[in-house]
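Below you'll find the structure, written out as C-alpha cells, and then a few comments.
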Amino acid sequence: MGPADSGTQPVPRRLLAVNAGSSSIRFALFEAGAGLRRLRDGKLERIGLPGTNLVARAPDGALTRRDIDAGDHRGAAAALIDWLAAESLIAGLGAIGHRVVHGMRRVEPELVTPALLAQLRALTPYDPEHLPREIALIEDFAARIAAPQVACFDTAFHATLPPCAWRLPIPRRYGDAGVRRYGFHGLSYAYLCEELRRLGEPAAVRGRMILAHLGNGASMAAVRDGLSIDTTMGFTPAGGLVMSTRSGDLDPGLACYFARVEGLDAAGFQTMVNHESGLLGISETSSDVRDLLAREADDPRAAEALAVFCYQARKWIGALAAALGGVDALVFTGGIGEHAAPIRARICAGLGFLGVTLDEDRNAGDEAVISRAGTAATVRVVPTDEEGMIARHTLAVLTAPT
C-alpha cells in the first residue's frame, strides 16, 4: 500500500511512533483511549555497524534484546516490522507517525500523501543527512502496513523565529529562496513546553526559558511565553553547539582552506563536519561523554573535548539569555542533559550573574529541580519524549475535523 490519500481517517486504536536517528531508530507503540497509553517502546541501535540490536521494553519494564542483521535503516525497518508482527502488535495498528527532521516552513504535522513525499524529495538538498533516510522509512512502512502515516516536522517549533533570528547575513535572494536558520529538535522542545506547563513551571506560560537538548545531537532554544525566538542550530543540524561528531559553528573560510590545502571537496567537508568532528574529533577516541569523563584524568585530549563542549554550551546560554533579556528557567534534557551531572555543573559554573546557581546534591542526584533554593532562575532536568510527541501529533492530525 502506498502513502495514505488525504481525507477523513478513522480514529486509530493503536499508533506507532518512529524516530530515526543517524545510527538508530527509536520507536514506541501507543493505545489511544482517554489518553495515550504506552504499550511498548524500544530502539534499534548501531545500524550499519557490527552488533546491530533491537531492545524493547514492556509496560512492566521487562526488556527484550535481539541481535539483528541490518546493514542500513531499511534493513532495520524490516527487522522492526518483523518483530512487531511476531509479537502480534501490528493487529489494530491504525496509524504511524514519523519524525521528519526538515519540513522547511511547515508549521504543523501533515498526513503523508504522494504529493507530500514529492515535496520532501525536493527538499533533500536542505538535509541530505536525514531526509532520504526518512522518506525511505515512510515508503517501507507503507509497503508492509496498511495504515495512514503522519509526518511530524522538527523544524515546525521554530516557525515563530523573528526575521532577525532566522535571516542569515548572505545575499538576500538566498534567504528569500529558503536559505535561512530553521532550527531543529522541535519535537523535543514542543514536548518540554507541554510537560513544563503540566509541572506548573510559570515560565512555560509567561516567561523566559532556555531549553538545552544535549545528546548525540545538541542544541538550545530560547523560548519566550512558550514560543521559540532563537535557537542554536541553523540551516542544518550541524550548526550551533559542539556535538558528539558534529562540529557546530565554524568559520566559513575553513571550507575554502580545506579545499585548497587538503583537496577536500564539498562532500568530504560535509562528512568531516557531521561525522568526524565534535567530541570525537577533539578527543580522537570517543564521541560518548561517558567515555570521555572516564578518561579525562589520564587523557588530556578527552579533558579538552569536554572543556570545549561545556565552554561553548555556557557561551550559548549567555547569548540566548541576551536574546531573551534574562532567564527565568533553564531546562536540561537529552542523554547528556538528563544523565551527566558533571557536565551540567560545568556548563552552569559562572552563570550566577544570570541567576543560575546549582545545588550540588540535587544535581548529583539527577533531581527534577537542581537549582539552589531562592535563586532567580529555576534549573530543571526533564526527560524528553519525542515519541510521545509524535504520537500526540499523529492522533491530532487523524482526528481533526475536516
* Quick one: salt bridge (Lys or Arg N to Asp or Glu O under 4.0 Å) partners of D127, sequence neighbours excluded? -> none
* Look only at the side chain of R133 and the backbone of A20, and say whether a donor-acceptor pair between them is shorter than 3.5 Å. => no
* To do: For R224 and A323, indicate whether the former's side chain and the latter's backbone hold a donor-acceptor pair under 3.5 Å.
  => yes
Atom pairs and distances, donor-acceptor, side-chain atoms in residues 170-187, under 3.5 Å, two or more places apart:
from : atom 1 : to   : atom 2 : distance (Å)
D176 : OD1    : R167 : NH2    : 3.3
R181 : NE     : A165 : O      : 3.2
R181 : NH1    : T231 : O      : 3.2
R181 : NH1    : T232 : O      : 3.1
R181 : NH1    : M233 : O      : 3.1
Y182 : OH     : G178 : O      : 2.5
H185 : ND1    : S219 : OG     : 2.7

* Answer yes or no on whether R38 is positioned over the face of F30, meaning its NZ or CZ is under 6.0 Å from the six-membered ring centre and within 45° of the axis. => no
* Under 4.5 Å between any side-chain heavy atoms of L241 and W316, yes or no? -> yes
* Asked: Are any of the side-chain heavy atoms of I317 and I347 separated by less than 4.5 Å?
  -> yes
* Side chains of I135 and R121: does their closest heavy-atom pair fall under 4.5 Å? -> yes
* **Test salt bridge (Lys or Arg N to Asp or Glu O under 4.0 Å) applied to R295 - qualifying residues, sequence neighbours left out** => none
* To do: Applying side chain to side chain contact (heavy atoms under 4.5 Å, CB included), run through V369 and R362 and close with a yes or a no.
  => CA-CA 7 Å; V369 176; R362 289 179 176 178; 4.2 Å; yes
* Residues H213 and E338: side-chain donor-acceptor under 3.5 angstrom -> no
* Asked: Can you tell me if D225 uses its side chain to pair, donor with acceptor, with the backbone of G207 under 3.5 Å?
  -> yes
* Asked: So, for C193 and A204, which heavy atoms are closest and what is the spacing to 0.1 Å?
  -> O-CB, 4.2 Å
* Asked: Stepwise, does the side chain to side chain contact (heavy atoms under 4.5 Å, CB included) test hold for R99 with D154?
  -> CA-CA 7 Å; R99 171 178 171 245; D154 245 350; 2.8 Å; yes
* To do: Could you please spell out the steps behind the side chain to side chain contact (heavy atoms under 4.5 Å, CB included) verdict for V356 and T375?
  => CA-CA 7 Å; V356 173; T375 53; over 6 Å; no
* Distance (rounded to the nearest 0.5 Å) between N19 CG and I25 CD1 -> 9.5 Å
* Asked: Are D385 and R392 close enough for a salt bridge, meaning some N to O gap below 4.0 Å?
  -> no
* Atom of S277, atom of V273 and distance for their closest heavy-atom approach -> OG-CA, 3.6 Å
* Sort out for me which residue in H102, R246, Q270 forms a side-chain hydrogen bond (donor to acceptor under 3.5 Å, both in side chains) with E129. => Q270
* Asked: Going through the distances and angles, do L117 and E139 end up as a side chain to side chain contact (heavy atoms under 4.5 Å, CB included)?
  -> CA-CA 9 Å; L117 283 182; E139 293 174 331; 4.3 Å; yes
* **Min side-chain heavy-atom separation V382-L196 under 4.5 Å** => yes
* **Value rounded to 0.5 Å, distance of NE2 in H393 from CD in E386** => 10.5 Å
* Mind checking side-chain contact (heavy atoms from CB on, under 4.5 Å) for A238 and listing every partner two or more places apart, or none if nothing turns up? => T236, N274
* With H73, which residues qualify under ring-ring contact (aromatic ring centres under 6.0 Å, His included), at least two apart? -> none
* Structure fact -> Looking only at heavy atoms, the pair that brings L161 and I229 closest together is CD2-C, 3.2 Å
* Pair E296 + R346, salt bridge at N-O below 4.0 Å -> yes
* To do: Examine the side chains of H98 and Q149 and answer whether a donor and an acceptor come within less than 3.5 Å of each other.
  => yes
* Should T271 and E276 count as side-chain neighbours, where that means a heavy-atom distance under 4.5 Å? -> yes
* Value rounded to 0.5 Å, distance of CD in E45 from OG in S24 -> 7.0 Å
* Electrostatic pair E201-R197, nearest N-O below 4.0 angstrom -> no
* Asked: Any side-chain heavy-atom pair from I210 and V223 closer than 4.5 angstrom?
  -> no
* Asked: So, R290 and D288, do they make that salt bridge, N to O below 4.0 Å?
  -> yes
* **Q119 CD: over 12 foreign heavy atoms closer than 6.0 Å** => yes
If you look only at distance, which donor and acceptor atoms sit under 3.5 Å apart when one is on a side chain in residues 83-90 and the other is two or more places apart or in another chain?
none

* **Side chain proximity check, L395 to L36, heavy atoms < 4.5 angstrom** => yes
* For the residue pair L131 and L120, what are the closest heavy atoms and their distance? -> CD1-O, 3.9 Å
* Look up atom NE2 in H339 and atom OG1 in T333, then write down how far apart they are to the nearest 0.5 Å. => 8.5 Å
* Asked: Between S188 and T384, is any side-chain donor less than 3.5 angstrom from a side-chain acceptor?
  -> yes
* Go through the steps for S228 and H158 under the test side-chain hydrogen bond (donor to acceptor under 3.5 Å, both in side chains), then give the verdict. => CA-CA 5 Å; S228 176; H158 302 293; 2.9 Å; yes
* E304 and R301 ion-paired at < 4.0 Å -> no
* So, N363 side chain and A341 main chain: donor-acceptor pair closer than 3.5 Å or not? -> yes
* Atom pair CZ/CG of R208 and L324 - distance to nearest 0.5 Å -> 7.5 Å
* To the nearest 0.5 Å, tell me how far L354 CG sits from D328 CG. => 11.0 Å
* L111 and P148, any side-chain heavy atoms less than 4.5 Å apart -> yes
* For the residue pair A17 and A391, what are the closest heavy atoms and their distance? -> CB-N, 4.4 Å
* Is the backbone N or O of V101 less than 3.5 Å from a side-chain atom of E134, with the two atoms forming a donor-acceptor pair by type? -> yes
* Are there more than 12 heavy atoms of other residues, nucleotides or ligands under 6.0 Å from atom CG of D251? -> yes
* Asked: Does any N or O in the side chain of N53 come within less than 3.5 Å of the main-chain N or O of G51, such that one atom is a donor and the other an acceptor?
  -> yes
* Is it true that R372 and D361 make a salt bridge, defined as a side-chain N closer than 4.0 Å to a carboxylate O? -> no
* Minimum heavy-atom separation for R40 to P59, with atom names? -> NH1-CD, 3.8 Å
